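All figures in this text were calculated on a predicted structure; none of them were measured in a lab. Below, chain A is the first sequence line, B the second, and so on; all start at residue 1.
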Amino acid sequence: MTAHRRKPLFEGAEWDFATMERTYEAIQRVALDDLGLDVYPNQIEIISSEQMLDAYASHGMPLMYRHWSFGKHFAREAELYRRGRTGLAYEIVINSNPCISYNMEGNTMALQALVMAHAAFGHNHFFKNNYLFRQWTDAEAILEYLDFARTYIAEAEERHGVVEVEAVLDAAHALMDQGVFRYRRPPRLSMAARDAKRLAREDYEARTFNDLWRTVPGAIAEDPDARAEELRRRKAQLDLPQENLLYFLEKHSPVLHTWQREILRIVRTIAQYFYPQKQTKVMNEGCATFVHHYIMNALYDDGLLTEGAMLEALHNHSNVVFQGEFDDGRGGGLNPYALGFAMMRDIRRICEAPDDEDRTWFPDIAGHGDWRGVLKDAWANYRDESFIQQFLSPRLIREFKLFTLSDAAEDPHYTVQAIHDERGYRDVRRRLAEMYDLSRIEPDIQVADVDLLGDRELQLRHTMRDGIPLAAEDRERVLAHLKTLWGYDVRLDSTDGAEATPRESATTRATTSDE
Amino acid sequence: MPHFIDRRENPKDKSLGNRQRFLRRARARLREVVDESIKKRGITDLDKGEVVTIPTRDVREPRLRSAREGGRRDYVLPGNKEFEKGDQLPKPPGGGAGEGGREASDGGEGEDAFEFALTREEFLDLFFEDLELPDLVKTDLRDVTTTKYRRAGISPVGTPTNLNLLRTMRNSYGRRLALGRPKTSTIAALEAEITRARADGAADDDETLAALLAELDLLERRRRWVPYIDPIDLRFNTFEAKPEPNTQAVMFCLMDVSGSMGEREKDLAKRFFMLLHLFLARRYERTDLVFIRHTHEAREVDEDTFFHSRESGGTVVSTVLREMRDIVADRYPSSSWNIYAAQASDGENFTGDSGRCAALLHEALMPLCQYFAYVEILDAREMEIFRDTSQGAELWRHYLGVAERWSNFAMKRVSSPAEIYPVFRELFHTAGGERAEAALRRMPS
């Protein structure tokens, strides 16, 4: 504690805009000058609890098109909140430029400071610098795009009726998880270019539409060679196999109208926008938590925070990073805030005060000194899976007392595969990293083939991993939705790994005769 | 420099559109809930919201996701205490122990059902939906009208609490100016001059002093004639109660409870009573309910007994009318009560009694009642037979005579909720003003 403490930024719990600004500037000084963060300009909005519930209900986005599922989430959250079963988040932050964060009006001043450090600097830096966000999302254009989406869907509702639009949205939402490109980066379009393209697309389709073509008999069907050739050509044209089901339906569904294709496009654009967030939960929250923890401590050391404010901040901080044990009845999983924060603090420790173990495991960074640089590099260039694989230290595995449990359906037992000991570190680390690998968590489903010249059945292939099937009831419902979008029969085969023949039991058809 | 924006004042109910879409989606379940709730609620109790439990299966958002069971999977869990590599743990019955922290967060779909509250408006909408009320009537019933005092200008009479100070003082000032009330300062100056003259040794008979004294006397008298505030200055704010043209109403619920009235019939009757009550509760500050049920004898009972307990016996409809007549005479003089009656029956009556009923209505009841509504509850098959309204059992035929003579008597056969509303058509039919007038013909002046 320094001898001449400065005057605290605020006392007591009440906040006002002048205090917020003063505090923001103090936080900014630490964030930019000390930590050297690189952030989008901030836009901080104060909202009421009802507005927070509103934001919750629609993916945390300030603008959203209308859909009943958002109403459902709102009703559910509002009821839970009203009964005091859940609290509300203190903030929501949006990956946009400027970076918008929502702070609750009910927060105390200490909490507002914590939230600003967490969201307006921690998350903000992560959004601006992490490679996934840089490559896959367009922070400049997202708000504009949501505005466009909202207007487009409202207009579609007016023109085609709420029920019609809802049917398309329901089906598209059901396929949202399969509506992203996992490996191929979608082209980035500016808003204006996107609009121009859309108009051109619609215009072209309107101009070239000629109902007569439907009546031309298929001449090619006569010659078998030509037929096979045509089939091969069409398949190449369809770009099969295709992992992005929504994209495929948008481009190739034989029954959709232009406006329905545009809705699919909207849903998959939004799905793609959120895809990086799903892959970086631990890192994103870890980064924000690390940043707020560092900043609050720095402010306190400078005498800018009162003891009371600091205590309150610490209290909230420790709630956030609480990690239960697998058997204490709280769900038992890992808390991404706790894991991310612990790993980042551990990286700093390894840089500053490594021991022999660290030198063996992390020769590149042990004793590196510049922990800020190492962290910023990690924040910029990793996602959860690779971050854990790279940086989870044996010391943390011991601290969390991690162990792996394998569960095979045919076994009457769970088996402990590895624990926090010399033999187990690598195994634990690898399996933990896999748990955050979306391509392992989410089922691998691709469009395999379409018999365009025959019955036009859409064939999907689900490649099972470790013999894990799809949830049966949901599969039936999603297939029914798929059928409305495709217009013809849909067939989903589950295959086990490289095995080519479909397992009969897992084959599902959604056929016309079912309905 | 951050950009702070205060969004708290933004319009609320941003998610209203989503909520409406959600309610439409869950309509089937909501209808069930409302139906159940109507059975449980009292007649007077219709006017509030309801907590609804919706099974998540009804409003599910399906996704292609991995099943929770089957196959081989690994979990990494925190908090190992005694396990060693290779240990085997028995699976708990029912499965699904270690969830690896991811499946639990699949959009929060883990629960079987969730609860939320329907507002009063939403509840009434669903209730009305069944009854197929015209929209105008719905708005009318939903609107809660309250008596309000309104400013009605300024008046020269009133109570001191309503004194309008500004107006009063303005009047007082004008009057004082016009009548030349001497100012306090003028009198003070004059008195000072007199004192000075006295001090200078002027005698009382001194000419100037006498003139001064005379002037002072004149001024003081004038001050008395022209008081600072005169009763004619006073102005009061007046308030006028917007004439809410109603006082009190009594509603008689009359029902046949003999064995032939089953659950379905009673449920229909209850909706019929509820609707009338809803209408009355809107129009009158106070609405009393009287429940009279009858078999071969009639008895006044409480609501619960009315709907839920059974009794056996014959059916003599006139008893219930006679009982109602007695109660009106006893407790509800028609000079100070608006009397409404709603009668539900399956149309059966003791042979020869129907004539007595008609006579009772003609002579005793119809002159007293604002409105008398009769529903005959039939099943669908009977509905077919009696499609022609001029045909019917003895009671129906006699009541037809009553309806001919009295315009405030309404009768209808119903077999489903949608058919109830037309019974009240007269009641709801006329436009706002006329209706109030019609309903309030008997209001004591």
Options [options], ranked by heavy-atom pairs under 4.5 Å with chain B, top entry:
options: Leu175(A), Asp427(A), Asp170(A); result: Asp170(A)
options: Ile46(A), Asn335(A), Ile100(A); result: Ile46(A)
options: Gln178(A), Glu399(A), Arg423(A); result: Gln178(A)
options: His420(A), Met64(A), Glu166(A), Met176(A); result: Glu166(A)

Discussion item. Does atom NZ (Lys278(A)) have a neighbourhood of more than 12 heavy atoms from anything else shown, all under 6.0 Å?
Written reply: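 Yes, enclosed.
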Heavy-atom distance under 4.5 Å between the side chains of [X] and [Y], does that happen here?
X: Leu405(A); Y: Phe83(B); value: no
X: Asp74(B); Y: Thr404(A); value: no
X: Glu434(A); Y: Val76(B); value: no
X: Gln88(B); Y: Asp411(A); value: no

Worksheet entry | Which atoms of Glu84(B) approach chain A - backbone, side chain, both or neither, heavy atom under 4.5 Å |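 When you check distances to chain A, atoms from both the backbone and side chain of Glu84(B) fall under 4.5 Å.
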Please give me the minimum heavy-atom distance between [X] and [Y], naming the atom from each residue.
X: Tyr75(B); Y: Asp407(A); answer: OH-OD2, 3.6 Å
X: Phe403(A); Y: Asn80(B); answer: CD2-CB, 3.4 Å
X: Ile419(A); Y: Lys85(B); answer: CG2-N, 4.2 Å

Practice prompt. Describe, in one word, how the ring planes of Phe22(B) and Trp68(A) are oriented to each other, choosing from parallel (under 30°), tilted (30 to 60°) and perpendicular (over 60°).
Written response: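 Geometry flag for Trp68(A) against Phe22(B): parallel rings.
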Discussion item. Please check: side-chain N/O of Gln323(A) versus main-chain N/O of Pro78(B), any donor-acceptor pairing under 3.5 Å?
Written reply: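 Not confirmed, Gln323(A) side chain does not pair with Pro78(B) backbone.
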Worksheet item: Would you find a donor on one side and an acceptor on the other, under 3.5 Å apart, between the side chain of Arg63(B) and the backbone of His173(A)?
Response: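 Pair found, side chain donor or acceptor close to backbone of His173(A).
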Which distance, rounded to the nearest 0.5 Å, do you find between the [atom1] of [X] and the [atom2] of [Y]?
X: Phe4(B); Y: Asn42(A); atom1: CZ; atom2: CG; value: 8.5 Å
X: Thr415(A); Y: Leu89(B); atom1: OG1; atom2: CG; value: 8.5 Å
X: Arg66(A); Y: Leu16(B); atom1: CZ; atom2: CG; value: 7.5 Å
X: Arg7(B); Y: Gln51(A); atom1: CZ; atom2: CD; value: 9.0 Å
X: Ser66(B); Y: His462(A); atom1: OG; atom2: NE2; value: 5.5 Å
X: Lys72(A); Y: Phe116(B); atom1: NZ; atom2: CZ; value: 11.5 Å

Practice prompt. Between chain A and each of Arg72(B), Lys81(B), Arg19(B), count heavy-atom pairs under 4.5 Å; write down the option with the most.
Written response: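 Of the options given, most contacts go to Arg72(B).
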Worksheet item: Out of Arg24(B), Arg21(B), Gln20(B), which one racks up the most heavy-atom pairs below 4.5 Å with chain A?
Response: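 Winner by heavy-atom pair count: Arg21(B).
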Considering only heavy atoms, which portion of [X] lies under 4.5 Å from any heavy atom of chain B: side chain, backbone, both, or neither?
X: Pro412(A); answer: backbone
X: Ile445(A); answer: side chain
X: Glu45(A); answer: both

Discussion item. Assess whether a salt bridge exists between Arg65(B) and Asp177(A), defined as any Lys/Arg side-chain N lying under 4.0 Å from an Asp/Glu carboxylate O.
Written reply: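 So Arg65(B) does not pair with Asp177(A) through a salt bridge.
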Item to complete: Apply the test side-chain hydrogen bond (donor to acceptor under 3.5 Å, both in side chains) to residues His73(A) and Glu61(B): give CA-CA distance (whole Å), side-chain angles for both, the deciding distance (0.1 Å), then the verdict.
Response: CA-CA 11 Å; His73(A) 291 299; Glu61(B) 299 161 72; 3.2 Å; yes
